[in-house]
Amino acid sequence: MPELPEVEVVRRGLERWVSGRTVADVQVLHPRAVRRHLGGAEDFAARLRGRRTGTARRRGKYLWLPFDDDTAAESVLAHLGMSGQLLVQPAGAPDEKHLRIRVRFADDAGTELRFVDQRTFGGLSLHDAVPGDPEGLPDAIAHIARDPLDPAFDEAAFHTALRRRRTTIKRALLDQSLISGVGNIYADEALWRSRLHYDRPTATLTRPRSAELLGHVREVMTAALAVGGTSFDSLYVNVNGESGYFERSLDAYGRENEPCRRCGTAVRRRPWMNRSSYFCPRCQRPPRPATATPPASRPAVPPLSARAAS
DNA sequence: ATGATAACCTGGGGGC
DNA sequence: TGCCCCCAGGTTATCA
């Protein structure tokens, strides 16, 4: 659920409240929260103590906090998973039920950084930077593609890669090695805006069509970011524990049986890859079902049985 | 190699 | 009241 806009909201909070502070102490309260740190919890805590943080960065749904000392080329990598929160809390505030990691600082600001995560899909870890990378990109996420709000996002390469894939459009949007930062919510929203069905084969997209889709991905993420992201409940909050307001602006996601804001047709929910896809059956027509018959001998009009299947 | 799927995890909510 | 099952879903390991 935390997708690019929500993670960017958190990054800005870290930049304001955490960057430039020196770590005094780290408590790992749940080992799973540092499972991506190969050295283990003790090593994670020991290597953070005494370090001063630099500017928080983000790629897609990943955040990292470099250290501003020169032993740099190392940073704390964070992923929120489905329910992770990074909170800046008064040091005396009661522990959250799902508090996993606490970071205390060596200053008198009175606040500490907390990683809270109910479902424990998220976590923190320490990684070296990709050698020579100007932003200090952690090597653990070198396979993550640039996100659509990154000025260096290569639009031409995206179109080429999309056309080369032998898959369907929503799968491709969720593939973080192709384009990062898009999750189930913004994928459905961008597809609705583009009038594209989630099962449309990527190979059938013309370049103008995929350019339009990319434009809608950017638009919906920018709009969400402007109002602090999407929150359905208290699980998704900024570093001060506040929720965003984009939920009320969603056009497709979570709107099963509600009227499409374009044509009034009831929005449908379909099971899809162990989750759900929301779409308007009128605006987003399903692709023609695949046929085993070679194109040359396929009848001009598909049999009724094939069309009824959709 | 590529693409598709299961597993990881917890709590809220609905049905009975 | 309580029990069971389903649902939310990003990422990775594993399978075909």
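These numbers were taken from a predicted model, which means no experiment stands behind them.
Across the protein-nucleic acid pair, A:Arg59 atom CZ and C:dT11 atom P stand 14 Å apart, rounded to whole Å. Residue A:Leu178 contributes atom CG, which lies 16 Å from atom C1' of B:dA4 at whole-angstrom precision. Taking atom CD1 of A:Ile179 as the reference point, atom C1' of C:dG10 lies 16 Å away to the nearest angstrom. Atom CH2 in A:Trp272 sits roughly 13 Å away from atom P in C:dA8 (whole-Å rounding). Whole-Å rounding puts the A:Arg171 CZ to B:dT2 P distance at 16 Å. We find that CG of A:Asp175 is positioned 11 Å from C1' of C:dT11, with the value rounded to whole Å. Here C:dA8 presents its C1' atom at 19 Å from CZ of A:Arg255, a figure rounded to the nearest Å. Computed from coordinates, the A:Leu173 CG to C:dT11 P distance equals 14 Å when rounded to whole Å.
Under the 6.0 Å distance and 45° angle rule, A:Arg261 does not count as a cation-pi partner of A:Trp192.
For A:Thr111 and A:Arg21, the side-chain atoms include at least one donor-acceptor pair closer than 3.5 Å. A donor-acceptor pair shorter than 3.5 Å cannot be found between the side chains of A:Tyr278 and A:Glu258. A donor and an acceptor atom, one from each side chain of A:Thr120 and A:Arg32, are located under 3.5 Å apart. A side-chain N or O of A:Gln89 and one of A:Glu96 form a donor-acceptor pair less than 3.5 Å apart.
Taking only side-chain nitrogens and oxygens, A:His79 never comes nearer than 4.0 Å to OP1 or OP2 of C:dG10. Proximity of A:Ser276 to the phosphate of C:dC7: no side-chain N or O atom is located under 4.0 Å from OP1 or OP2.
Residue contacts shown for A:Arg269 are limited to sugar-phosphate atoms, with no base heavy atom under 4.0 Å away.
Candidate nucleotides C:dG10, C:dT11, B:dT5 were compared by shortest atom distance to the side chain of A:Asn184, and C:dG10 ranks first.
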Anything under 3.5 Å between a protein N or O and an N or O of nucleotides 14-16 of chain C, put it in a table, one pair a line.
none

So if I define the base as every atom that isn't primed, P, OP1 or OP2, how would nucleotides 7-13 of chain B read as a B/S/- string at a heavy-atom cutoff under 4.0 Å? -BBBS--
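Counting heavy-atom neighbours within 6.0 Å of A:Arg16 CZ, excluding the residue itself, gives a total of 12 or less. Atom CD of A:Glu219 is surrounded by more than 12 heavy atoms from other residues, nucleotides or ligands within 6.0 Å. Annotation for A:Arg282: atom CZ does not count as buried by contact number, only 12 or fewer foreign heavy atoms lying within 6.0 Å.
Residue A:Arg164 is the one, among A:Arg164 and A:Met273, whose nearest nucleotide of DNA chain B lies closer to the 5' end (criterion: closest heavy atom).
For the pairing with A:Lys170, the side-chain hydrogen bond (donor to acceptor under 3.5 Å, both in side chains) check across A:Asp199, A:Asp188, A:Asp175 returns one residue only, A:Asp188.
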